[in-house]
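A short worksheet on the structure shown next.
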Amino acid sequence: MTNKQASICLFNTLTRKKETFTSIVPDKAKIYTCGPTVYDYAHIGNFRAFLFEDILKRWLTYRGYKVIHIMNLTDIDDKTIKGSQKKGIPLQDYTEFYVNAFFEDIKALNILPADVYPKATEHICEMIKIIQILLKKGVAYKGEDGSIYFSIAKYPEYGKLSHIKVNELKAGARVNQDEYAKEEAQDFALWKAWTPEDGKIYWDTELGRGRPGWHIECSAMSMKYLGETFDIHCGGIDNMFPHHENELAQSEASTEKKFVNYWMHNEHLQVEGKKMSKRFGNFYTLRDLLAKGYDPIVIRYLLISTHYRQQFNFTFEGLESAKAAVDRLRNFVRRIHEVEGTTMTEKVSTLTSKLEACFGGSMDDDLNIGTALAALFDFIREMNVLLDANLVSKEEAVQVGGLMIRIDEVLGVIGKVEIKEVLSEDVDALVQKREEARRAKNWKEADTIRTQLKAIGIILEDTTQGVRWHKEKKV
RNA sequence: GCUGGGGUGGCCGAAUGGUUCAGGCGGUAGCCUGCAGAGCUGCUCUAUAUGGGUUCAAUUCCCAUCCCCAGCUCCA
């Protein structure tokens, strides 16, 4: 479904305004999103960010853009180094494990894969090139400790993304110990000189022995794959400062071109009303929830159902509620597939046009998924009324089914609804046996069989068109 | 401390200077059903943190207060 007339508005952190999205190359959207640091399993907060980016991508695609998406994997930093040393295994073996876990998780959540997942450790050369340019331009300098720092004094626009005035920054508890080596406390490391704590983890380069700073990897990898200026850069709100601010500064200082046109940041989530933290015992990885038996798609629905710039309160009650909502969507689609009627009214096409307009208009408005979902549920209710009255033809039902598929290409929560799954023979025999019992009005036996089937996850529903059944999805 | 975001019904969450403040979930009554499920309909008490102000009219704009959350150098 493409609609070239439609214009998508996105909230740009740079301007703090909603702006009409215009891509550099028509019909192509180049997106860079900050990926995971692969030192542990990702938690549900991380996935809120990845799901927001997934929805953005899917919506751009729906509107006819060819999306090119790069997501980095940070496989070299303090945490990965510490983790690998603690386990006594090579850094790469350590991070590879969590990279694989990450891929499993995003697949479970039905997140579309990025086009490229560049790793920091595989782009040291590209980073060094940028650092050398910055040194040459005098924007970077070598500190007394041998590390190379970016001098924010040389980049007057510093702070334009986060709107932070550098001189107001709190000289607080987290100021780096090696601060003495920098000219200004706010200068940040582009290249970190080797220290004994790094052990075997270092690169011998033109810049000396050491490892890259955190921010430089995103500059190097985004520009390598997307060009010096690209369309959209996403990440969690916490990354806005200092990570993205620094990334922006070093990129623009090196290229003297605008780095990114649209910066988008998602808000964090809370769990049961509190900040998610291990201390409160409310810290969950996706795996924790799956182990409790929750359906990853229900988790997906819950995490996408709140606008991305809104703080979101994750609760287990919400998860139950999300399951019911997803069931409602799936029940509707299942019902649509079963339509055999012939009566046609104009009502169905009126409703589908309304849905497309409302859903699309909402999503165009900075991915306002709340009103988009409201439009979808309105549509379902009104369609159910028509279905109850047997006023939908098979032909119309097929069209509605097609629209639901297009919408689900954006939401990714309905999936394939099995209409004619094959039942195992003994299960099928039970269903038949119950039908006979019902015909004989032997309700007791019929109910026993129904309970029996429910225990193995087969839900039976008696309708005027005969018995209908489907497999129960886990919560 | 500084800088942002926010406080909407039983819960989650939209929206808006103006007829009845989306939608989902839950509860409840009814229709349908052998029953259940699904679906539909009604209800869910004064739902917009509090106190002022602007306005013919504010939940929406302004001010103050209280509370929550985040950022403040490598946490999405």
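Fair warning: this is a prediction, and the values are worked out from it, not measured in the lab. Scope of the values below: all heavy atoms of this structure, side chains included, with no hydrogens, waters or symmetry mates. Order of the sequence lines fixes the chain letters, A, B, ..., with proteins taken first and strands second; residue numbering starts at 1 for each chain.
- Ring centroids of A/Tyr98 and A/Tyr94 are separated by less than 6.0 Å, placing the two rings close together.
- When the P atom is compared between B/rU48 and B/rG42, the two are found 23 Å apart, to the nearest whole Å.
- Of the candidates B/rG37, B/rC68, B/rA76, B/rC68 carries the atom nearest the A/Gln270 side chain, counting heavy atoms from C-beta on.
- Residue ring and nucleobase are stacked for A/His268 and B/rA76, with a centre distance beneath 5.5 angstrom and an angle between planes beneath 30°.
- Remark: the backbone N or O of A/Ser393 is paired with a side-chain donor or acceptor of A/Glu396 at under 3.5 angstrom.
- A distance-only check finds no donor-acceptor pair linking the side chain of A/Thr306 to the backbone of A/Phe312 [under 3.5 Å].
- Annotation: A/Phe103 is in aromatic contact with A/Tyr117 [ring centroid separation under 6.0 Å].
- Separating the CG atom of A/Asn313 from the P atom of B/rU8 is a distance of 11 Å, rounded to the nearest angstrom.
- Summarising the geometry, the separation between OH on A/Tyr149 and P on B/rU73 is reported as 16 Å, rounded to the nearest angstrom.
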* Paired and unpaired positions of RNA chain B as dot-bracket, Watson-Crick or G-U wobble under 3.5 Å, | denoting a partner strand -> (((((((..(((.....[....)))((((((.......))))))....(((((..]....))))))))))))....

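- In the interface, the side chain of A/Asp462 is paired with the base of B/rC35 through a donor and an acceptor atom under 3.5 Å apart.
- Partner of A/Tyr284 under the ring-ring contact (aromatic ring centres under 6.0 Å, His included) criterion, out of A/Phe316, A/Tyr294, A/Tyr41: A/Phe316 alone.
- Atom C1' of nucleotide B/rA22 and atom CZ of A/Phe359 are separated by 15 Å, given to the nearest angstrom.
- Residue A/Arg309 places no side-chain N or O under 4.0 Å from the OP1 or OP2 atom of B/rG6.
- Taking the six-membered ring for Trp and thresholds of 30 and 60 degrees, A/Tyr308 and A/Phe52 have nearly parallel ring planes, at less than 30 degrees apart.
- Atom P of B/rC69 sits at a distance of 40 Å from the matching atom of B/rG37, rounded to the whole Å.
- Here A/Asn384 reaches the OP1 or OP2 of B/rC40: one of its side-chain N or O atoms lies under 4.0 Å away.
- Between A/Lys323 and A/Asp295 there is no salt bridge, since no side-chain nitrogen of the basic residue lies less than 4.0 Å from a carboxylate oxygen of the acidic one.
- Remark on RNA chain B: of its neighbouring residues A/Ala49 and A/Lys444, the 5'-side contact belongs to A/Lys444, judged by nearest-heavy-atom nucleotide.
- Comparing A/Thr315 and A/Pro242 by the nucleotide of RNA chain B whose heavy atom lies nearest to each, the residue mapping closer to the 5' end is A/Thr315.
- When the C1' atom of B/rA76 is taken as reference, atom CD of A/Gln311 falls 13 Å away, rounded to whole Å.
- Here the side chain of A/Arg450 is nearest to one of B/rA70, B/rC35, B/rU73, namely B/rC35.
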Distances under 3.5 Å between nitrogen or oxygen atoms of protein and nucleotides 25-27 of chain B:
{"residue": "B/rC25", "atom": "O4'", "partner": "A/Ser321", "partner atom": "OG", "Å": "3.2"}

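- For A/Arg438, taking side-chain heavy atoms from C-beta onward, the closest of the listed nucleotides B/rC75, B/rG37, B/rC35 is B/rC35.
- No contact: A/Lys274 has no heavy atom under 4.0 Å from any strand.
- For the pair A/Phe102 CZ and B/rA76 P, the computed distance is 11 Å after rounding to whole Å.
- In this structure, the OH atom of A/Tyr301 is 13 Å from the P atom of B/rG23, given to the nearest Å.
- Counting to the nearest Å, the C1' atom of B/rG4 and the CD1 atom of A/Ile237 are 8 Å from each other.
- Comparing atom distances between the A/His307 side chain and each of B/rA14, B/rG13, B/rG4 picks out B/rA14 as nearest.
- At least one cation-pi condition fails for A/Lys18 and A/Phe11: the charged atom is not both under 6.0 angstrom from the six-membered ring centre and inside a 45 degree cone around its axis.
- Note: A/His215 and A/Phe188 have perpendicular aromatic rings, judged against thresholds of 30 and 60 degrees for the angle between ring planes.
- For A/Phe332 and A/Phe377, the distance between ring centers is not under 6.0 angstrom.
- Using a 4.0 Å heavy-atom distance criterion, A/His163 is classed as making no nucleic acid contact.
- Not a single donor-acceptor pair under 3.5 Å links the side chain of A/Arg434 to the backbone N or O of A/Val431.
- Rounded to whole Å, the distance from NZ on A/Lys441 to P on B/rA36 is 16 Å.
- With hydrogens and angles left out, the side chain of A/Asp447 and the base of B/rG34 share a donor-acceptor pair within 3.5 Å.
- The A/Lys275 side chain lies nearest to B/rA70 when the options are B/rA76, B/rA70, B/rG23.
- Contact check, A/Asn246 against B/rU73: no side-chain N or O comes under 4.0 Å of OP1 or OP2.
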